[in-house]
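Letters go in sequence order (proteins before strands), and every chain restarts at 1. In this text the structure is predicted, and so the values were computed from the model without any measurement. No hydrogens, no waters, no symmetry mates; every other heavy atom, side chains included, goes into these values.
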Amino acid sequence: MTVRTRVAPSPTGDPHVGTAYVALFNYCFAKQHGGEFILRIEDTDQTRSSSESEQMILDALRWVGITWDEGPDVGGAHGPYRQSERAALYQEAAQTLLDGGHAFRCFLTSDELTALRAEHQQAGATHSMVSPYTDLSRAESDALVAEGRPFVIRLRTPREGTCVLQDRLRGTIEVAWDQVDQQVLLKSDGFPTYHLANVVDDHHMGITHVLRGEEWISSAPKHQLLYAAFGWDMPQLVHLPLLRNPDKSKLSKRKNPTSILYYERMGYLPEALLNYLGRMAWSMPDEREQFSLDEMLAHFDVDRISLGGPVFDVAKLDWLNGVWLREALTEAEYADRVAQWALNRDYLSQIIPLVRPRANKFSDLAPLAGFFLHGVMDLSPADLQGLKGVADDDEVRRILTWCLWRLDELRAWDPDVIQATLREMAEVMGLKLRVLLAPFFVALSGQKSATPLFQTMAILGKDLVRARLRHAVDVLKPLSGKEQGRWRKAFDEARAEHAASLAAAAGPA
RNA sequence: GGCCCGUUCGUCUAGUGGUUAGGACGCUGGCCUCUCAAGCCGGCAACACGGGUUCAAAUCCCGUACGGGUCACCA
């Protein structure tokens, strides 16, 4: 049997380092067994998935140096590799489950569901929730469908006994069946949830080993149930420990840069980033720190994965990247990489329109545009103090924090959108645009004035902007947990108020 | 809160019954040196706790504590 593994990202945002981490382990495992590694796009969430995100994820994985044998862009014998293009398969699978009595239609509306959930919680129940439609006869169920009642298809779970699972790294895991919920398999929009699509695809794509994040352990019983219902062999499960923030929580962009694009932008070598990810939860048998993908592949041993969740430590990544830069590249390669990074026609041509009006000679460019080549800016509190129209440190922190939150919601990232957003924030906060923008110039360029802000932000990119703004806040005083809560509430209220006043102004004439 | 997973220096880790518990990052002292890095040499620093099992436990078992995940028509 050929070993086949996969990574199955959901195209709902920036390419995450966690995706590269999981991909790396899957890749190494498959390749070292002479197997195949597949990339599948899990875009069953119609409201959040986007093709831009999919493209970014593919590009980012390629950038770090991971390649796949089958995938949406390279094809393969088990396609299509995008779940949105496999809808019929899931419909059919759901029907099979329904017919076999392994699933049932649930006609609960979302309001009813919410109410039920609240009740369930209130009662302090220690088992999972059971739908009132669980035991509806097929005839009754069909009748409701004929009436046109919307429904979802849920998994029928045993209410007693114990589910026994095997995890390659953790051994036997036992879960009482009454803890397993009647997971929605097919949503009312006809799309499958992760659980159904994942099992169906892994089977049809011949996946033999599933290396995935630890967060999936608790849903493994459902998956096992599905495999059994279909009469399929279940792949071997390997739950990898989750990458963590310094505070040990699951790595999140609120607390740590998580986008691969950020690391690319900061000037890390893809080889170094991948090398670093390979050091997360794993080590070379001889404990050497620096190794290439091929070297990792040659020595990889899935059973030597350690289980404590590793903290993603940028300081060590910096050191490792430095080792690559100093020792692994020739000078010529080094020059090429620098050019590739930022000193290229493409990047310069974005910057030049902004600095050309301001420069009288090329040597003016360094002070004018040097910040385009920086990581986070080297700031002291004084740099952010005494800005005209800004009351105090807390106001600067509040401006940056609120705008950061608002900016995080943006999908598009271009000068117009940024401009509209910041103008809106000025209104929300009751500040003149000029005043609101003042801290931005300092945070982003290190100077009180710089190139036009909105274009500048667009060029710097969302990730770097986020990092610099957050750094500026931290330089004054990091946001405490308490402030975070208070400010978030005030932020939401101010926005609601602003929206209301807009509505009133535009109201019926 | 229920359930599940985890726990070796601050961080990444080696270690699978007998080790002075090793390495790496960071921090720190020194050497080198036109400065700063880099490099080299040294230092600080860990088996969460409590019970067992055993001649012997970081390693096996049980509890406790702590951390994490999960309880969505998101993945």
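- Across all strands shown, the partner of B:C31 is B:G39, judged by Watson-Crick or G-U wobble contacts whose two distances both fall under 3.5 Å.
- When heavy atoms are screened at a 4.0 angstrom cut-off, A:Leu185 is found touching no nucleic acid atom at all.
- Partners of A:His120 by side chain to side chain contact (heavy atoms under 4.5 Å, CB included), not counting sequence neighbours, listed by chain and number: A:Ala125, A:His127, A:Met129.
- Side-chain polar atoms of A:Asp45 and A:Tyr194 form no donor-acceptor pair below 3.5 angstrom.
- Here the P atom of nucleotide B:C4 and the CD1 atom of A:Ile173 are 10 Å apart, to the nearest Å.
- When the P atom is compared between B:G2 and B:U59, the two are found 28 Å apart, to the nearest whole Å.
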For this session: Evaluate the salt bridge (charged side-chain N to carboxylate O under 4.0 Å, His left out) criterion for residues A:Lys222 and A:Asp181: first the C-alpha distance (whole Å), next the side-chain angles of each, then the deciding distance (0.1 Å), finally the verdict.
Result: CA-CA 8 Å; A:Lys222 300 169 202 169; A:Asp181 51 25; 3.1 Å; yes
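- B:U53 sits 33 Å from B:U11 when the P atoms are compared, rounded to a whole Å.
- Of the residues in residues 273-287 of chain A, those placing a heavy atom less than 4.0 Å from an atom of RNA chain B are A:Arg279, A:Met280, A:Ala281, A:Ser283, A:Glu287, in numerical order.
- Here the rule is ring pair (Phe, Tyr, Trp, His ring centres under 6.0 Å) with A:Phe151, and of A:Phe104, A:Tyr133, A:Phe107 only A:Phe107 fits it.
- Using a 3.5 Å distance cut-off with no hydrogens or angles, the side chains of A:Ser283 and A:Arg304 do pair a donor with an acceptor.
- Sorted by first and then second residue, the ring pair (Phe, Tyr, Trp, His ring centres under 6.0 Å) pairs with a member in residues 315-338 of chain A form an empty list; sequence neighbours excluded.
- For A:Gln166 and B:C4, the CD to P distance is 16 Å, given to the nearest whole Å.
- Taking the P atoms as reference points, B:U19 lies 9 Å from B:A58, given to the whole Å.
- In the displayed structure, A:Asp303 atom CG is contacted under 6.0 Å by more than 12 heavy atoms of other residues, nucleotides or ligands.
- Nucleic acid contact class of A:Arg304 (heavy atoms, under 4.0 Å, all strands): sugar-phosphate only.
- Taking a pair to require two hydrogen-bonding distances under 3.5 Å in either a Watson-Crick or a G-U wobble arrangement, B:U54 remains unpaired.
- As rounded to the nearest Å, B:G39 and B:A75 have P atoms that lie 46 Å from one another.
- Counting only distance, with no hydrogens or angles, the side chain of A:Gln224 and the backbone of A:Cys163 share no donor-acceptor pair below 3.5 Å.
- Judged as a side chain to side chain contact (heavy atoms under 4.5 Å, CB included), and not counting sequence neighbours, A:Glu287 has no contacts.
- Following rounding to the nearest Å, A:Asn321 (CG) and B:C25 (C1') show an atom-to-atom distance of 14 Å.
- Around CD of A:Gln121, the count of heavy atoms belonging to other residues, nucleotides or ligands within 6.0 Å does not exceed 12.
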Is there any protein nitrogen or oxygen under 3.5 Å from a nitrogen or oxygen in nucleotides 6-8 of chain B, and what are the pairs?
none

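- For the C1' atoms, the distance from B:G69 to B:C31 is 49 Å, rounded to whole Å.
- If you check B:G1 for Watson-Crick or wobble pairing at under 3.5 angstrom, you find it paired to B:C71.
- Within 4.0 Å (heavy atoms only), A:Glu289 reaches at least one base atom of the nucleic acid.
- If you check the side chains of A:Asp383 and A:Ser380, you find a donor sitting under 3.5 Å from an acceptor.
- When the P atom of B:U70 is taken as reference, atom CG of A:Leu242 falls 7 Å away, rounded to whole Å.
- Looking at residues two or more places apart in sequence or on another chain, you find a side chain to side chain contact (heavy atoms under 4.5 Å, CB included) between A:Glu147 and A:Leu144, A:Arg149.
- Between the CG atom of A:Leu243 and the C1' atom of B:G68 there is a distance of 13 Å, rounded to whole Å.
- Checking A:Thr134 against A:Gln182 by side-chain atom types alone, a donor-acceptor pair falls below 3.5 Å.
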Atom pairs, N/O to N/O, protein against nucleotides 58-63 of chain B, distance under 3.5 Å?
none

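- If you check every strand for non-hydrogen atoms under 4.0 Å, A:Gln121 touches nothing.
- Formation of a donor-acceptor pair under 3.5 Å by the A:Thr193 side chain with backbone atoms of A:Leu186 is not found in this model.
- A:Trp216 and A:His223 have tilted rings, their planes meeting at an angle from 30° to 60° on a 0 to 90° scale.
- Looking at A:Ser141 and A:Arg105, their side chains do bring a donor and an acceptor atom within 3.5 Å of each other.
- Of the nucleotides present, none pairs with B:A14 by Watson-Crick or G-U wobble criteria with both distances under 3.5 Å.
- Aromatic ring centres of A:Phe230 and A:His203: separated by at least 6.0 Å.
- A:Gln290 places its CD atom 13 Å from the P atom of B:C25, with the value rounded to the nearest Å.
- Between A:Arg288 and A:Glu295 there is a salt bridge, with a side-chain nitrogen of the basic residue lying less than 4.0 Å from a carboxylate oxygen of the acidic one.
- Residues from residues 56-72 of chain A with heavy atoms under 4.0 angstrom of RNA chain B: there are none.
- Side-chain N/O atoms of A:Lys248 include one lying less than 4.0 angstrom from OP1 or OP2 on B:U11.
- Applying the Watson-Crick and G-U wobble criteria (two distances, each under 3.5 Å), B:A65 pairs with B:U7.
- Counting only N and O atoms by type, the side chains of A:His239 and A:Arg212 include a donor and acceptor under 3.5 Å apart.
- When the C1' atom is used for both B:C61 and B:A24, the distance is 33 Å, rounded to whole Å.
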Restricting both atoms to N or O, compile the protein contacts to nucleotides 71-74 of chain B shorter than 3.5 Å, with distance only.
from	atom 1	to	atom 2	distance (Å)
B:A72	OP2	A:Arg117	NH1	3.3
B:C73	O2	A:Ser188	N	2.8
B:C73	O2	A:Ser188	OG	2.8
B:C73	N3	A:Ser188	OG	3.0
B:C73	N4	A:Leu108	O	3.4
B:C74	OP2	A:Lys187	NZ	2.9
B:C74	O2'	A:Asp45	OD2	3.2
B:C74	O2'	A:Arg48	NH2	3.0
B:C74	O2	A:Arg48	NH2	3.3

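- Per the geometry, CH2 belonging to A:Trp216 stands 14 Å off P belonging to B:G69, to the nearest Å.
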Listing time: all N or O pairs from protein to nucleotides 35-42 of chain B that are below 3.5 Å?
none

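- Spacing between B:C27 and B:A38 at atom P, rounded to whole Å, works out to 9 Å.
- As rounded to whole Å, 17 Å separates atom P of B:C3 from atom CG of A:Leu165.
- Distance noted for atom C1' between B:C44 and B:G26: 12 Å (whole Å).
- A:Val475 is linked by a side chain to side chain contact (heavy atoms under 4.5 Å, CB included) to A:Leu379, A:Pro381, A:Leu384, A:His471, counting only residues two or more places apart in sequence or in another chain.
- With sequence neighbours excluded, no residue forms a side chain to side chain donor-acceptor pair (under 3.5 Å) with A:Tyr276.
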